[in-house]
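The structure under discussion appears below in the form of structure tokens.
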Amino acid sequence: MKGCILILGGNGFIGSHLIKRCSELGYECVSISLKENIFINNLINVKHIKVDIRNFSELNKALKGMKFDFVVNLSGYIDHSDIFNGGIDTFNTHFGGLVNVIRSIDLKEIKKFVQIGSSDEYGNTKSPQNEDSKEEPISTYSLAKLSCTNFLKMLYKTEGLPVVILRLFLVYGESQKADRFLPFVIKSCLRNEKFPTSLGVQIRDFCYVSDIIDGIVIALTEKNCNGEVINLASGIPISIREIVEKIVKNVGYGKPQFGEIKYRPQENMKLYADIGKAKKLLNWEPKVKLETGLAKTITYYRKKLF
């Protein structure tokens with residue numbers, strides 16, 4: 001055994017892929033989520049705990065007596081609601097949940113705490129965003145993510161917690177929720193439906209899920225990255241319109257209605273990463289080209305639909 005790893009949010013898109021990889025690599029995995037994890041039923045060395053991390057007493061009870069070598073925090077959800085329309089709950093889920101986890105585990109046993117951050121923490125800073133850019137959160141969600149980042153960096157400095165924050169841009173691949181951008185576009189195209197989208201001039205950065213899992217796994221044992229914030233992304237900018245058109249071309253049909261969705265208030269129109277730090281500290285860079293990743297993802301959803 002390579003050690004015991006606690007994966008918060010193991011029922012999610014990235015979490016389920018991470019559990020599968022870690023199980024294959026010989027880690028003992030403990031997954032925490034609000035729902036049963038249907039992806040791990042046939043995996044060895046995997047235990048699932050159904051508990052709400054916002055409930056400290058229940059979480060503390062569930063983890064009592066357990067020892068972990070590694071923690072990966074993928075908990076929470078993406079929600080850009082404003083502060084008075086669900087935003088407070090978003091903040092409490094991300095930041096409050098993290099504090100509850102920290103209170104419930106033995107920090108002295110932890111060899112690495114991997115926090116999964118978000119490119120949204122950069123807000124409207126100039127692209128390509130790098131880790132020295134001043135963060136400018138523009139939503140409760142991005143504020144919650146940045147609060148988690150600063151909290152854990154403080155624990156690194158004051159308590160010696162071996163933490164690394166991996167700041168992800170747009171991740172895509174098999175088994176992503178149907179309401180996320182790429183699955184929505186792919187399914188609409190496969191059904192040859194009309195579907196609304198923005199004008200699509202936003203510049204974004206898409207990275208295939210297996211590459212992201214590679215980065216997380218490397219960070220688990222790389223001591224050179226303790227206390228650091230590191231971007232994980234493709235580093236290749238592409239417009240939303242261009243990626244929609246690539247999907248339409250691959251599928252052979254689909255009817256995007258460009259301009260029917262308004263841009264979000266304060267939306268950063270250019271959000272793509274400088275990944276030089278990941279290359280230097282983790283010896284990591286993405287391997288899967290966008291066309292290859294899209295083809296694999298489209299094949300997955302085609303099989304699911306038909």
Side-chain angles (χ1 to χ4, degrees), residues 1-54 59 62-63 66 68-79 93-94 97-98 101 112-118 145 148 166-184 186-187 206-220 232-233 284 286-288 292-305:
M1 275 300 161
K2 290 189 174 183
C4 184
I5 178 170
L6 174 65
I7 299 175
L8 307 164
N11 194 49
F13 163 50
I14 300 174
S16 59
H17 282 272
L18 180 62
I19 288 172
K20 185 175 185 295
R21 178 76 67 82
C22 288
S23 174
E24 292 170 349
L25 290 173
Y27 288 93
E28 179 184 356
C29 302
V30 177
S31 168
I32 283 184
S33 63
L34 282 171
K35 299 178 181 178
E36 294 295 335
N37 194 321
I38 61 174
F39 300 104
I40 66 174
N41 291 339
N42 298 319
L43 299 178
I44 60 173
N45 303 320
V46 177
K47 176 182 180 180
H48 180 256
I49 299 175
K50 182 180 177 181
V51 67
D52 188 340
I53 64 172
R54 293 172 297 183
L59 177 65
L63 297 181
M66 302 183 75
F68 303 104
D69 300 290
F70 309 96
V71 179
V72 179
N73 184 18
L74 283 151
S75 64
Y77 47 86
I78 300 173
D79 187 335
T93 297
H94 286 275
L98 172 61
V101 170
K112 184 63 66 66
F113 192 111
V114 180
Q115 168 70 13
I116 303 302
S118 170
K145 279 294 192 180
C148 291
L166 301 180
R167 198 167 273 168
L168 309 187
F169 282 62
L170 292 180
V171 186
Y172 72 98
E174 299 89 336
S175 78
Q176 193 170 23
K177 287 185 177 180
D179 62 349
R180 303 308 301 159
F181 173 65
L182 284 189
F184 168 74
I186 290 169
K187 288 187 174 185
F206 292 86
C207 194
Y208 189 60
V209 65
S210 66
D211 284 327
I212 296 299
I213 299 302
D214 287 345
I216 295 172
V217 170
I218 293 169
L220 288 174
L232 289 190
W284 173 92
K287 302 172 184 176
V288 181
T292 303
L294 281 179
K296 289 184 176 188
T297 307
I298 290 168
T299 297
Y300 169 84
Y301 286 105
R302 192 189 299 275
K303 291 178 180 178
K304 294 285 286 185
L305 281 177

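In this structure the side chain of Ile186 reaches within 4.5 angstrom of the side chain of Thr297, judged on heavy atoms. Taking the side chain as every heavy atom from C-beta outward, Lys145 and His94 approach each other to under 4.5 Å. For the pair Ile7 and Val71, the minimum side-chain heavy-atom distance is 4.5 Å or more. The side-chain heavy atoms of Lys50 and Leu34, taken from C-beta on, include no pair separated by under 4.5 Å. The side-chain heavy atoms of Ser175 and Tyr300, taken from C-beta on, include a pair separated by under 4.5 Å. In this structure the side chain of Ile14 reaches within 4.5 angstrom of the side chain of Leu168, judged on heavy atoms. Annotation: side chain of Phe113 is in contact with side chain of Asn73 (closest heavy-atom distance under 4.5 Å). Using a 4.5 Å heavy-atom cutoff, the side chains of Trp284 and Asp211 are in contact.
Listed by chain and residue number, nothing satisfies the side chain to side chain donor-acceptor pair (under 3.5 Å) test with Glu28 (two or more places apart in sequence, or in another chain). Every side chain to side chain contact (heavy atoms under 4.5 Å, CB included) that Ile49 has, sequence neighbours left out, goes to Val30, Ile32, Lys47, Val51, Ala62, Leu63, Met66. Partners of Phe169 according to the ring-ring contact (aromatic ring centres under 6.0 Å, His included) rule, which considers only residues two or more places apart in sequence or in another chain, do not exist here. For the side chain to side chain donor-acceptor pair (under 3.5 Å) test, no residue two or more places apart in sequence or in another chain qualifies with Gln176. In this view, Lys112 and Asn226 satisfy the side chain to side chain donor-acceptor pair (under 3.5 Å) rule, not counting sequence neighbours. Looking at residues two or more places apart in sequence or on another chain, you find no ring-ring contact (aromatic ring centres under 6.0 Å, His included) involving Phe206. Listed by chain and number, the residues in a side chain to side chain donor-acceptor pair (under 3.5 Å) with Asp214 are Arg21 (sequence neighbours excluded). Taking the side chain to side chain contact (heavy atoms under 4.5 Å, CB included) definition, one finds that Lys296 meets it with Glu174, Tyr208, Thr292, sequence neighbours left out. For the ring-ring contact (aromatic ring centres under 6.0 Å, His included) test, residues two or more places apart in sequence or in another chain that qualify with Phe13 are His17.
Of all the heavy atoms in Leu166 and Gly215, the pair that sits closest is CD1-O, 4.2 Å. When all heavy atoms are compared, the tightest approach of Tyr301 to Pro183 is OH-CG, 3.5 Å. Closest non-hydrogen pair, Phe70 versus Lys2, comes out as CE1-O, 3.7 Å.
Atom CD1 of Ile298 and atom NZ of Lys303 lie 13.5 Å apart (nearest 0.5 Å). We find the OG-CG distance between Ser75 and Asn11 to be 12.5 Å, quoted to the nearest 0.5 Å. In this structure, the separation between CD1 on Ile5 and CG on Asp69 is 9.5 Å, given to the nearest 0.5 Å. To the nearest 0.5 Å, atoms SG (Cys22) and CG (Leu220) are separated by 6.0 Å. Taking CD1 from Ile78 and OG from Ser118, the interatomic distance works out to 6.5 Å, rounded to the nearest 0.5 Å. How far SG of Cys29 is from CD1 of Ile19: 6.5 Å, rounded to the nearest 0.5 Å.
Checking each of Leu232, Val171, Val72 against Ile116 for a side chain to side chain contact (heavy atoms under 4.5 Å, CB included) leaves exactly one that passes, namely Val72.
Judged purely by distance below 3.5 Å, without hydrogens or angles, the side chains of His48 and Ser33 pair a donor atom with an acceptor atom.
A salt bridge links Arg54 with Asp52: at least one charged nitrogen is closer than 4.0 Å to a carboxylate oxygen.
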>> Using the rule given for side-chain contact (heavy atoms from CB on, under 4.5 Å), can you reason through Leu98 versus Gln115, listing the C-alpha separation, both sets of side-chain angles and the distance that settles it, and then say yes or no?
In response: CA-CA 9 Å; Leu98 172 61; Gln115 168 70 13; 4.2 Å; yes

>> Ile53 vs Leu59, test: side-chain contact (heavy atoms from CB on, under 4.5 Å). Steps then yes/no.
In response: CA-CA 6 Å; Ile53 64 172; Leu59 177 65; 4.1 Å; yes

